[in-house]
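Below you'll find the structure, written out as structure tokens, and then a few comments.
In what follows, chains are A, B, ... by sequence order, proteins preceding strands, each numbered from 1.
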Amino acid sequence: MQWYILRRVGQSLVTLFIATIVVFVGVRALPGDAATALSAETSNPKVLQAIRQEYGLDQPVPVQYVRWLGHAIQGDLGQSPKTGISVSQTLAERLPVTLELAGLALIIALAIGLPIGILAAVRRGSVADYVASTTALVGLSVPHFWLGILFILGFAVSLQWLPASGFVPLTDPLGNLSHMAMPAVVLGIGLAAVVMRQMRSAMLESLGADFVRTARAKGMSERVVVGIHVLRNSLITVVTVVGLQLGTLISGAVITEQIFIIPGIGKLTIDSVFSRDYPSLQGVVLITATGYIVANLLVDIAYSLLNPRIRVSGGAA
Amino acid sequence: MSAAGATVRVGRRRSAGRSRFVARFRRRPLALIGLVGVVVVVVVALAAPLLAPYDPAASDYSAILQGPGSPGHLLGTDDLGRDVLSRLIVGSRASLTAGVFATLLALVVAVPIGMVAGYYRGWVDVIVSRVTDVVLSFPFLILAVGLAAILGPSLKNATIALAVGQLPMFVRITRGEVMGLREQEYVQAAVINGAPTRVVLRRHMLPNILSPLIVQSTVAIPGAIIGAAVLSFLGLGVQPPTAAWGTMLSQAQQYVSQAPWFAVFPGLAIAVTTLSFNLFGDGLRDVLDVRLAS
């Protein structure tokens with residue numbers, strides 16, 4: 001068991017290390033010269049030379065990488081050439097906004113997806129199953145950003161129930177929620193479809209398993225069989241799948257924040273691409289990749305704790 | 001007489017698999033609807049210049065932001081007085097190109113890599129697995145946005161970016177399937193008979209891993225179509241004035257209060273296209289997945 005966890009931690013560290021190289025090299029491959037950007041677009045060669053020296057841009061790339069990584073580990077991700085604010089500070093301000101959006105979306109997704117998934121599996125082949133499965137497929141097919149625009153059209157422009165865009169901090173809970181409602185629903189709907197489909201197939205698999213037949217043969221009521229045995233086994237699978245949806249949530253947040261003008265890390269990503277704010281871009285990508293790798297690791301460990309079969313085969317491999 | 005009967009029987013047996021496939025598919029009305037939708041979109045994209053009533057780039061400044069059903073323009077006109085229906089029809093090309101080519105590109109690159117990793121295992125597999133983990137550690141859209149920013153905004157580069165994002169999934173599937181097949185007796189028999197690795201991989205393994213790859217493709221294509229629309233919407237894909245559904249939506253967003261209908265049609269086009277692919281893909285999965293079928 002410990003061996004399995006250690007091995008997974010080691011793998012994650014290697015992945016993270018390679019990811020930092022990819023981020024570093026990737027940002028340097030972006031068009032435009034960093035020194036020019038830092039100097040507020042001057043073309044004076046002396047100024048550029050001085051900036052290169054000051055920021056170590058005249059050093060070999062591997063040296064630059066090691067220096068950058070050293071700073072990054074200490075939480076220093078540089079500062080934005082556009083605003084002069086440190087990237088870590090910007091991230092600390094924007095990350096909670098995205099986390100709130102993602103958290104609300106996740107709650108909505110589970111609240112919609114789990115009950116419908118259970119219903120569809122228990123009533124397999126019924127009209128309810130048919131309607132639920134088809135609706136889920138529609139939910140998967142409708143692009144978030146279009147749904148976002150339609151929501152703005154319907155609830156903000158026509159009905160004027162909710163503000164069309166913008167963000168209010170949590171210090172004003174009601175204002176915050178009214179601004180977050182539409183984006184969270186938009187982001188949650190796509191995920192709800194995924195949760196529903198996963199729950200349905202996990203339940204169907206459990207329903208056909210031997211332990212369910214045994215439970216039924218023992219004379220347990222259908223309510224206990226489904227409510228306890230099947231549900232618990234299916235939830236393990238679904239929790240894992242949902243844990244792995246973090247990347248989808250972040251991807252969704254990028255576009256949702258853009259449409260509803262929410263100052264999270266998704267909007268920061270797009271803004272920094274267009275304003276050529278490369279330190280910020282580097283910071284966001286690094287943070288999301290790290291978060292994703294850590295989340296994957298935690299999901300795997302949690303899964304191995306919940307499901308002994310993985311532990312055994314993982315340890316033997 | 002008897003010889004002819006035998007020939008017929010052999011012929012029948014050979015087509016039996018295919019007709020069972022068709023029969024199983026026919027029993028799924030939603031999958032059929034999906035198939036029809038896919039065919040329609042493909043035909044529209046192929047015949048776009050013939051079907052579009054107007055030149056999609058031609059502006060008519062006397063008819064700006066006309067609503068649907070206005071004279072001469074079934075779906076109205078955009079902010080530059082261009083015919084929305086014509087732009088939708090021609091825009092299908094960008095979406096399908098990105099969706100299909102991103103997936104094809106990912107397949108062409110990923111399948112050989114996955115096969116080699118799954119067949120040889122050892123250090124090759126370790127490297128391939130770590131690299132796919134790294135690519136997977138970047139959320140799809142962040143990766144695509146970053147790559148599109150590096151390569152420069154265009155349909156071609158957006159397609160490449162989407163292909164890179166799809167690589168890990170195809171590599172993983174191929175690798176897993178090949179690892180399983182490697183232990184099969186018929187594969188080992190081929191190896192013992194002295195078949196070169198190239199032949200083992202291409203003739204004995206490739207045909208057997210096609211089903212899961214086809215199923216994954218039907219998931220990947222609609223994903224790439226939405227991805228391409230998102231990149232175009234963000235200004236990192238197809239560049240104006242070229243017609244594309246994503247760019248039409250980003251234009252429409254600016255006129256949400258004046259011309260709400262303008263935002264409806266391009267999104268509907270994307271949704272219908274991806275839904276058709278998803279319905280078709282779901283049906284295909286049910287039909288191809290032997291475990292589910294039995």
Among the listed options A:I255, A:T269, A:I293, the residue most often paired with chain B at heavy-atom distances under 4.5 Å: A:I255
Choice from A:V157, A:I149, A:V273 maximising heavy atom contacts with chain B below 4.5 Å: A:I149
Residue pair A:S141 / B:N278: nearest heavy atoms and the distance that separates them: OG-ND2, 2.9 Å
Short side-chain to backbone donor-acceptor contact, A:W146 and B:A263, under 3.5 Å: yes
Region of B:L268 in contact with chain A, defined by heavy-atom distances below 4.5 Å: both
Side chain, backbone, both or neither of A:L137 within contact of chain B (heavy atoms, under 4.5 Å): both
Between B:T273, B:V145, B:V230, the one whose heavy-atom pairs under 4.5 Å with chain A are most numerous: B:V230
Partner chain B: residue of A:V284, A:I250, A:L204 with the largest heavy-atom pair count (under 4.5 Å): A:I250
Contact origin within B:F140 toward chain A - heavy atom pairs under 4.5 Å: both
Nearest non-hydrogen partners of A:S251 and B:L141, listed with the distance: OG-N, 2.9 Å
Beyond-backbone contact of A:V138 with B:L275, side-chain heavy atoms, under 4.5 angstrom: yes
Separation between OG1 of B:T274 and CG of A:L140, rounded to the nearest 0.5 Å: 9.0 Å
From CG (A:L153) to CH2 (B:W261), nearest 0.5 Å: 10.5 Å
Which atoms of A:F17 approach chain B - backbone, side chain, both or neither, heavy atom under 4.5 Å: neither
Test item: B:L236 and A:F274 side chains (from C-beta on) under 4.5 Å apart, heavy atoms: yes
Region of A:R197 that comes under 4.5 Å of a non-hydrogen atom in chain B: side chain
Option in A:Q11, A:H144, A:Q258 with maximal non-hydrogen atom pairs under 4.5 Å from chain B: A:Q11
Per-residue contact mode, B:P260 against chain A (heavy atom under 4.5 angstrom): both
Residue part contacting chain A, namely of B:V264, when any heavy atom lies under 4.5 Å: both
Minimal non-hydrogen separation, B:I150 against A:G26, with atom names: CD1-O, 3.3 Å
Portion of A:I259 that has a non-hydrogen atom of chain B nearer than 4.5 angstrom: both
Choice from B:P266, B:S129, B:S276, B:S137 maximising heavy atom contacts with chain A below 4.5 Å: B:S137
Top of A:V142, A:L16, A:I270 for chain B proximity - count of heavy-atom pairs under 4.5 angstrom: A:I270
Heavy-atom proximity to chain A below 4.5 Å, by part of B:L279: both
Part of A:S158 within contact of chain B (heavy atom distance under 4.5 Å): neither
Close side-chain approach of B:I270 and A:F145, heavy atoms under 4.5 Å: yes
